[in-house]
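What follows is a set of notes on a single structure, which appears directly below.
Predicted, not measured: the structure shown is a model, and the values here were computed from it.
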Amino acid sequence: MTMAGLLERRAADPRLGGIIKLAALAVGGQGGGVLTSWIEDVARSNGYDAQATSVAGVAQRTGATVYYVEMAPKGDGTPVFSLMPAAGDVDIMIAAELMEAGRSIMRGFVTPDRTTLIASTHRALAVSEKMVPGDGIASSEEVLAAADIAAQRFIHADFDQLAIRNGSVISASLFGALAGSGALPFPKQAFEDAIRRSGKGVEGSLRAFNAGYAAASGEALPEAPAQPEAAKPRLRGPKKLVAAFEALEARIARLPEPAQELACAGLRKVVDFQDLAYGGEYLDRLERVAGLDRPPHDLTREAAKYIANAMAYDDIIRVADAKTKAGRRDRIAKEMGAKSGNLLQVTEFLHPRAEEIVSLFPARMGARWAANPDRMALLGRLFDKGKRLRSDSLTAFLQLYVLGGMKGWRRRTLRHAQEMAHLVVWLDRALALAPRDYDLAVEVIRCRRLVKGYSDTHARGLSKFDKVLDGARMVEGRPDAADWTRRLREAALKDEEGKALDGALQTIRSFV
């Protein structure tokens, strides 16, 4: 046979028309393997040959795992199925998270001539989204719009929340959505039987399955019971301390109404961070701002939030306190799905720099050590190695517990002196601007958003904060000073390295 004869176009094998091709994208913990096994089971129990494969994305480390199922009615021979989905050749695409739906569209798995796309609209943020200092969350609306165009049918709901409400995981509600879509030629009972045959978590899985089925098929979902209005947290403790706190809360009623809700939250935050006297200092500062404010009281409202954040800074004492708070272990056990009788080990990863160690010294002593390179190098050699503490062990827990209980020492430390000095300079500058440029004063208050975390994160945020205020100083007196300060702050939140901020500052230098 000639080469031309070998390469001539041949008619497609008609047997391929009966193959149903289904792909699913899921990350670790979403039950993609369980979902795939259910789909295989329901196909085989209804007279179909089926094959399931998966290409691991190593769960959370390098992306979602691609699960792929092909099925066809049993015939005389044994079908040969593909091991991987191909672009433009997928009948049903299931995405266990909204951005996975977007990625499936980008990879060509979703086409308007054939693909039914089933996607959960909840978000499990990617590392790249979490790394952005500000709001790095990708737009869900863009993915939803693209899916409406790219898919022949687009079925979407918050299947993760449906599963949680019914005491199961998202694989069960997605399986229900697959059944409700009608994309597979099997009755609802066959899907439910597949869950029952699995023998694990059957009741919860069936509840989540039915919720997903209803969402996909358009059936009315059972109404969730009305949630009672959240009650104000009840104070507990010695009567004297409760009375003192209530006296502080009474002062909030004298603040402008737009600031009162944030002031309540701020007061609780700083009192929890330190003590009642510290809460009084918070209200002293806030009352000073209110005395210089005017309607609509944006200055006081923003100050209520950011003064509290500045006073409740992250230090080693606070981190240790958070790791030993009552209820933390129960929360971790719940998140890990640990059952009664399971052994749960918790390892804390700590990496204190020399700066963090010195920050716990008395203010004057710490300042001297911080200014001495040889002493800082010594502390670096001793502590900058990283530590792992098993906080489920008594010895490690006691170390953290003692460290977290050093609130009484905090006010004498170098770190506290530095934070309070920084707070005073920032707040004084904003209040000095208020009489002549109110909007700029508000933006300067909001710039405190840049300072967060501890260790390297805190140092980077503080550096950006200083740069933004330097830029604000350059445009001070201009009618658009507040707008430029806002732009600088937003640029600072765009990337960790601060390249966008440096570019914005260069723009300001070009016209100042």
Side-chain angles (χ1 to χ4, degrees), residues 26-31 34 59-61 96-97 120 122-127 129-131 137 158-173 200-201 203-205 207-208 224-225 227-237 264-274 308-309 312-352 386-407 452-455 457:
V27 298
Q30 293 179 322
V34 174
Q60 297 94 331
R61 295 185 181 274
E97 191 267 348
S120 179
H122 82 285
R123 292 301 326 282
L125 300 184
V127 173
E129 293 175 287
K130 296 177 182 178
M131 287 173 60
I137 300 176
D158 190 342
F159 293 110
D160 185 60
Q161 192 60 40
L162 289 178
I164 291 171
R165 288 176 187 168
N166 290 279
S168 188
V169 294
I170 191 173
S171 55
S173 54
K200 294 182 180 179
E203 295 304 319
S205 295
R207 289 194 299 270
Q227 297 296 320
E229 188 174 339
K232 182 180 177 182
R234 182 170 171 266
L235 291 175
R236 291 180 296 177
C264 284
L267 177 62
R268 289 179 177 271
K269 183 173 186 176
V270 297
V271 170
D272 179 69
F273 177 79
Q274 189 60 33
N309 288 348
Y313 53 87
D314 287 317
D315 61 359
I316 296 178
I317 298 173
R318 188 181 191 190
V319 171
D321 182 47
K323 291 182 181 296
T324 54
K325 274 190 178 297
R328 178 175 183 254
R329 184 175 175 81
D330 292 339
R331 176 177 57 80
I332 294 174
K334 182 179 179 181
E335 291 176 355
M336 298 302 297
K339 306 297 182 183
S340 176
N342 290 153
L343 180 64
L344 179 66
Q345 297 178 345
V346 181
T347 302
E348 314 290 351
F349 294 86
L350 307 173
H351 193 189
K387 295 184 181 296
R388 298 186 180 189
L389 293 179
R390 284 269 310 277
S391 58
D392 58 291
S393 70
L394 179 61
T395 302
F397 183 86
L398 286 176
Q399 291 179 43
L400 292 170
Y401 186 77
V402 170
L403 186 57
M406 293 176 61
K407 291 183 179 181
K452 62 185 72 175
Y454 70 106
S455 191
T457 301

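- The CG atom of D272 sits 10.5 Å away from the CZ atom of R268 when rounded to the nearest 0.5 Å.
- Judged as a side chain to side chain contact (heavy atoms under 4.5 Å, CB included), and not counting sequence neighbours, the contacts of Y313 are F273, Y278, D315, R410, R415, H416, E419, M420.
- Under the salt bridge (Lys or Arg N to Asp or Glu O under 4.0 Å) criterion, no residue pair touches residues 395-407, with sequence neighbours excluded.
- Partners of S391 by side-chain hydrogen bond (donor to acceptor under 3.5 Å, both in side chains), not counting sequence neighbours, listed by chain and number: E348.
- Residue S173 comes nearest to L162 through the heavy atom pair CB-CB, 4.5 Å, listed as atom of the first residue, atom of the second, then distance.
- Rounded to the nearest 0.5 angstrom, H122 NE2 and Q161 CD are separated by 9.5 Å.
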### Query
After noting the C-alpha distance and the side-chain angles of L400 and L350, does the key distance pass the side-chain contact (heavy atoms from CB on, under 4.5 Å) rule?
CA-CA 11 Å; L400 292 170; L350 307 173; 4.3 Å; yes
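- Residues passing the salt bridge (charged side-chain N to carboxylate O under 4.0 Å, His left out) test with D321, sequence neighbours excluded: K325.
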Q | Worked verdict on V270 versus Q274 for side-chain contact (heavy atoms from CB on, under 4.5 Å) | A | CA-CA 6 Å; V270 297; Q274 189 60 33; over 6 Å; no
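- A pairwise comparison of heavy atoms in A396 and L389 identifies CB-CB, 4.0 Å as the closest pair.
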**Asked** Hey, mind stepping through N166 and E203 against side-chain contact (heavy atoms from CB on, under 4.5 Å) and telling me if it holds?
**Response** CA-CA 9 Å; N166 290 279; E203 295 304 319; over 6 Å; no
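- By the salt bridge (charged side-chain N to carboxylate O under 4.0 Å, His left out) test, K200 pairs with no residue at all, sequence neighbours left out.
- S168 pairs by the side chain to side chain contact (heavy atoms under 4.5 Å, CB included) definition with A172, S205, A208, not counting sequence neighbours.
- Between the side chain of T324 and the backbone N or O of Y401, no donor-acceptor pair lies under 3.5 Å.
- Under the rule for a side-chain hydrogen bond (donor to acceptor under 3.5 Å, both in side chains), the partners of N309 that lie at least two apart in sequence or sit in another chain are K269.
- In this view, D314 and R318, Y454 satisfy the side chain to side chain contact (heavy atoms under 4.5 Å, CB included) rule, not counting sequence neighbours.
- Residue pairs meeting the salt bridge (Lys or Arg N to Asp or Glu O under 4.0 Å) criterion with at least one partner in residues 391-406, sequence neighbours excluded, are R390-D392.
- The side chain to side chain contact (heavy atoms under 4.5 Å, CB included) test applied to L403 returns I316, A320, L360, M406, not counting sequence neighbours.
- Across all their heavy atoms, A308 and G266 have their closest contact at CB-CA, 3.6 Å.
- Residues satisfying the side-chain hydrogen bond (donor to acceptor under 3.5 Å, both in side chains) test with R388, not counting sequence neighbours, are none.
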Problem set entry | Chi angles and distances behind the side-chain contact (heavy atoms from CB on, under 4.5 Å) call for R123, E97 | CA-CA 6 Å; R123 292 301 326 282; E97 191 267 348; 2.6 Å; yes
